[in-house]
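Report on the structure given below.
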Amino acid sequence: MSQFVVIRRTAVLTLALLLSCAQLALAQIQPGDDQRQAAVEVAESLRYGHYADTALDDTWSQAAFERYLDILDSQRAFLLESDIEEFRHLETRIDDMIFEGELEPAYQLYHRYHDRAEARFEWLLESLDQGLSFTYETDMRLDLDRRDTDWAASEAELEELWRKRLKNDALTLDISGQDEEQVENNLRQRYEGQLTRLRQTNAEDVFGLFMAAVTGSIDPHTEYLSPRQGESFDIQMRLSLEGIGAMLQSDGEYVKVTSLVAGGPADRAGVLEPADRIVGVGQEDEEKTVNVVGMRLDEVVDLIRGPKGTVVRLEVVPAEAVDMTRSHTVEITRDTVDLEEQAAKGEIVEVERDDGVKRIGVITIPTFYVDFDAWQAGEEEFRSTTRDVAREVERLKSEGVDGIMLDLRNNGGGALQEANSLLGLFIDRGPTVQVRDARGRISLYGDTETGTVYDGPLAVLVNRLSASASEIFAGAIQDYGRGLVLGSATFGKGTVQTLNDLSHGQIKLTRAKFYRISGESTQNRGVEPDILFPDMVDPERIGESSLDNALEWDTVQAVQYRHYGEPWEHLETLRARHRERAESHPNFVYLKERVALARRLREEHTSVSLDREQRQQEVESRDAEQLALENRRRQALGLEPLDELSDARSEQSDEETERNEPVDRVQVTEAAAILADYAELTERRLAGRY
């Protein structure tokens, strides 16, 4: 027996002597009066303040109970069927519990989960102490997603699951090139970290978990914020303002990138993409990388944030990877968001035509911004999206462009007033958006100033990450017939939240909903472009429709508004011309095939083999398909083929950027070509020749 194992087992004996104290400490994790009162206030807020007319009754209570179980044990890996049945009476009691501030039953269910999880992590560590003797020659497979699996009927059933999970964890590290000692050390660090975090749970943590179930059962944007979380609007917004400039969310055991802040450090570095998963975080002055699989989102955020100018190392599994063995490490220097990078900027794209070159002005708008302080102070020259775009429009007009396109891809929204005033540059007064509150009252917002800055051919380019104010603007342009909307379906964030103080913490509450002037909601469905482009962002992973309990799409009465044009009359011709170009452009062909391949691999990859040879064959086969797809694209563009799939991102960011041919650039050039077609068809129609 090694000295380490002796020391370890001695420590276990010492721990056993202290176990009664630890159990006593856990038993003392009980709700306090401040949490009881906060629960009552949350219940009242949901009943009387939430947009959705949700009855907090027994039916809702069942949904909240299931949500709580999902939060505690989403993969059905700790709790037994007998545990669930023992607490089944809570299914119809949660509504009464929160209205009365009776939180003990929710804490008791957490205690059961805590006991099961603590015992499981101890079992994993003891298994490591005994040494891993896996041969990785087996026909066993491990299911990757157990959310719809029945609860285990016995400890033996769970133990078999965890043997597979331990073997998979070890095999994943083994395939990545680590030796046996490294594998055991990394797994020990992971499990000890998870056990330590579990044992550090306090009453506030348990209350937060339970409140997440209560609020999340109604809609994904309503949430309780503890006093610690209430330091800012929410965790994602805090991270977007400092650190690396990326918005994150929990995705099972992993932390997933949902979007990058324009002008932020991660955006400038070009090493992260939406749907990438972060599995490790390290600091520049520390050799060790902390495994964050299974770690709470706020804890991961705290590890990533740090002083400006310091470097954070992230171990990342790319979005397109379907196996967690395909991780790589990136470095990002922490910084604040460069506001200048968020400013609207214009360029001219030249489109070759038989009768000459058409010049299309493209204005990229990363966000809807305004200098509120300067505006409220009455300064005449305050900075805003509308002012910057107006200047770019005037410049492009002076250079004789044949049309103007606004690029709102990846624009997550911002100041609603800017969406209203920006529309005013292209229409002569009129409504922009309807806002319906919880009482059914509808307020109308829009542009009140007469005149336009530009009345020529117009298009708006959007993608899955265009959200909120971007969707409002694009929808208005489409409804007015003022121009074309091109790209992929938008995010679908059509709700409005307010942040309200509670006696203990805060609640972010969905209070209203956006509707287009046509009466259609932007919620859930987003804005459907007139001509669709394939999008590298997977809508199954990113977007409102991918979130649990997202509010539904619906309609209200349309308002009166005029049509500035009838682009729909030309759509059949425009789509036919677009298809002809897209079918022969290597990057468009690649985008279409990549979307289809990603969907197929996701549907096929529901489990992993625990046999090393079989696992490597499966991984290599998937990589080979993706690499072949990438190299077909590169060959068609006259670029050098790649030897490794892992080189694809870095090669695209260097060689292709220099040649102005990165994959997503084709969306801009093709949208410009469509707008040139539209300008031509419109001109013919006006001249009476169409």
Side-chain angles (χ1 to χ4, degrees), residues 48-54 218-222 365 367-368 370 385-386 406 408 411-450 452 458 460 462 466-485 489-499 508-530 543-545 547 550-565 567-568:
Y48 298 112
H50 196 278
Y51 175 84
D53 185 17
T54 303
I218 296 181
D219 91 283
H221 303 293
T222 292
I365 307 175
T367 186
F368 286 90
V370 62
T385 298
T386 303
L406 305 178
L408 299 183
N411 184 324
L416 177 60
Q417 70 181 58
E418 287 303 305
N420 294 327
S421 59
L422 185 65
L423 183 67
L425 302 181
F426 307 103
I427 68 166
D428 184 15
R429 281 196 314 189
T432 304
V433 64
Q434 304 181 73
V435 181
R436 184 182 187 273
D437 67 18
R439 297 183 180 180
R441 298 174 300 193
I442 295 178
S443 300
L444 194 61
Y445 298 89
D447 172 54
T448 58
E449 296 186 10
T450 58
T452 63
L458 183 70
V460 180
V462 295
S466 303
S468 196
S470 292
E471 298 175 284
I472 290 169
F473 179 84
I477 291 294
Q478 193 174 58
D479 291 337
Y480 275 113
R482 179 60 188 85
L484 297 167
V485 176
T490 59
F491 191 94
K493 171 66 164 61
T495 56
V496 184
Q497 284 73 40
T498 61
L499 191 64
K508 181 156 69 80
L509 192 66
T510 297
R511 297 296 302 270
K513 202 171 181 180
F514 290 130
Y515 293 86
R516 295 164 57 162
I517 55 177
S518 63
E520 296 182 348
S521 172
T522 58
Q523 170 62 18
N524 213 313
R525 294 186 185 179
V527 176
E528 186 80 8
D530 299 306
E544 190 77 7
S545 60
L547 302 177
L551 297 185
E552 295 296 326
W553 176 90
D554 64 346
T555 63
V556 296
Q557 186 173 348
V559 299
Q560 289 188 335
Y561 59 95
R562 58 174 286 195
H563 285 146
Y564 284 80
W568 43 84

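The structure presented is a predicted model; accordingly, all values stated were derived computationally and were not measured.
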Ile477 side, atom CD1; Ile472 side, atom CD1 - distance, nearest 0.5 Å: 13.0 Å
Can you confirm whether Phe514 sits close enough to Ser468 that some side-chain heavy atom of one is under 4.5 Å from a side-chain heavy atom of the other? yes
Whether Asn411 side chain and Ile365 backbone form a donor-acceptor pair below 3.5 Å: yes
Nearest heavy-atom neighbours spanning Thr522 and Gly494: OG1-CA, 3.3 Å
What are the two closest non-hydrogen atoms of Val370 and Ala415, and how far apart are they? CG1-CB, 4.0 Å
With a 4.5 Å heavy-atom cut-off, do Thr490 and Leu408 have their side chains touching? no
Between Ser421 and Thr386, what is the shortest heavy-atom contact and its length? OG-OG1, 2.6 Å
Looking at every non-hydrogen atom in both residues, tell me the closest pair between Ala474 and Val460 and how far apart they are. CB-CG1, 4.2 Å
OG1 (Thr495) and NE2 (His50) are apart, to the nearest 0.5 Å, by 8.0 Å
Walk me through it: do Val433 and Leu416 pass the test side-chain contact (heavy atoms from CB on, under 4.5 Å)? CA-CA 9 Å; Val433 64; Leu416 177 60; 4.2 Å; yes
Taking side chain to side chain donor-acceptor pair (under 3.5 Å) as the definition, give me every residue that meets it alongside Thr510, ordered by chain and number, with sequence neighbours left out. Asp219, Thr222, Gln497
Just to verify, what does Arg441 make a salt bridge (Lys or Arg N to Asp or Glu O under 4.0 Å) with, not counting sequence neighbours? Asp437
Rounded to the nearest 0.5 Å, the CD1 atom of Ile442 sits from the CD atom of Gln557 at a distance of 8.0 Å
Go through Phe368 and Phe473 one step at a time and tell me if the side-chain contact (heavy atoms from CB on, under 4.5 Å) criterion holds. CA-CA 10 Å; Phe368 286 90; Phe473 179 84; 4.3 Å; yes
Sequence neighbours left out, what passes side-chain contact (heavy atoms from CB on, under 4.5 Å) with Ala550? Give chain and number order. Pro220, Gln523, Asn524, Glu544
If you measure from OG1 on Thr452 to OH on Tyr564, what distance do you get to the nearest 0.5 Å? 8.0 Å
State which residues pass side chain to side chain donor-acceptor pair (under 3.5 Å) with Arg436; sequence neighbours excluded, sorted by chain then number. Tyr51
Would you mind listing every salt bridge (charged side-chain N to carboxylate O under 4.0 Å, His left out) that reaches into residues 511-523, with sequence neighbours excluded? Asp479-Arg516, Lys513-Asp554
Please report the shortest heavy-atom distance between Gly565 and Pro567, naming the atom on each side. C-CD, 3.4 Å
From CA spacing to verdict: side-chain contact (heavy atoms from CB on, under 4.5 Å), Val462, Val527: CA-CA 9 Å; Val462 295; Val527 176; 5.9 Å; no
Which heavy atom in Gly413 sits nearest to a heavy atom in Ser470, and how many Å separate them? N-OG, 4.1 Å
Residues forming a side-chain contact (heavy atoms from CB on, under 4.5 Å) with Val559, sequence neighbours excluded: Pro431, Gln434, Leu444, Ile517, Tyr561
Going through the checks in order, is the side-chain contact (heavy atoms from CB on, under 4.5 Å) test met by Trp553 and Thr555? CA-CA 7 Å; Trp553 176 90; Thr555 63; 3.5 Å; yes
With sequence neighbours left out, what residues match Ala558 under side-chain contact (heavy atoms from CB on, under 4.5 Å)? none
Contacts of Thr432 that satisfy side chain to side chain donor-acceptor pair (under 3.5 Å) - sequence neighbours left out: Asn420
Applying side-chain contact (heavy atoms from CB on, under 4.5 Å), name anything that partners Thr450, two or more places apart in sequence or on another chain. Asp428, Arg429
Contacts of Trp568 that satisfy ring pair (Phe, Tyr, Trp, His ring centres under 6.0 Å) - sequence neighbours left out: His563
Contacts of Ser545 that satisfy side chain to side chain donor-acceptor pair (under 3.5 Å) - sequence neighbours left out: Arg464
Using a 3.5 Å distance criterion without hydrogens, assess whether the side chain of Glu418 forms a donor-acceptor pair with backbone atoms of Ala469. no
Using 0.5 Å steps for rounding, measure from the CG atom of Leu547 to the CZ atom of Phe491. 5.5 Å
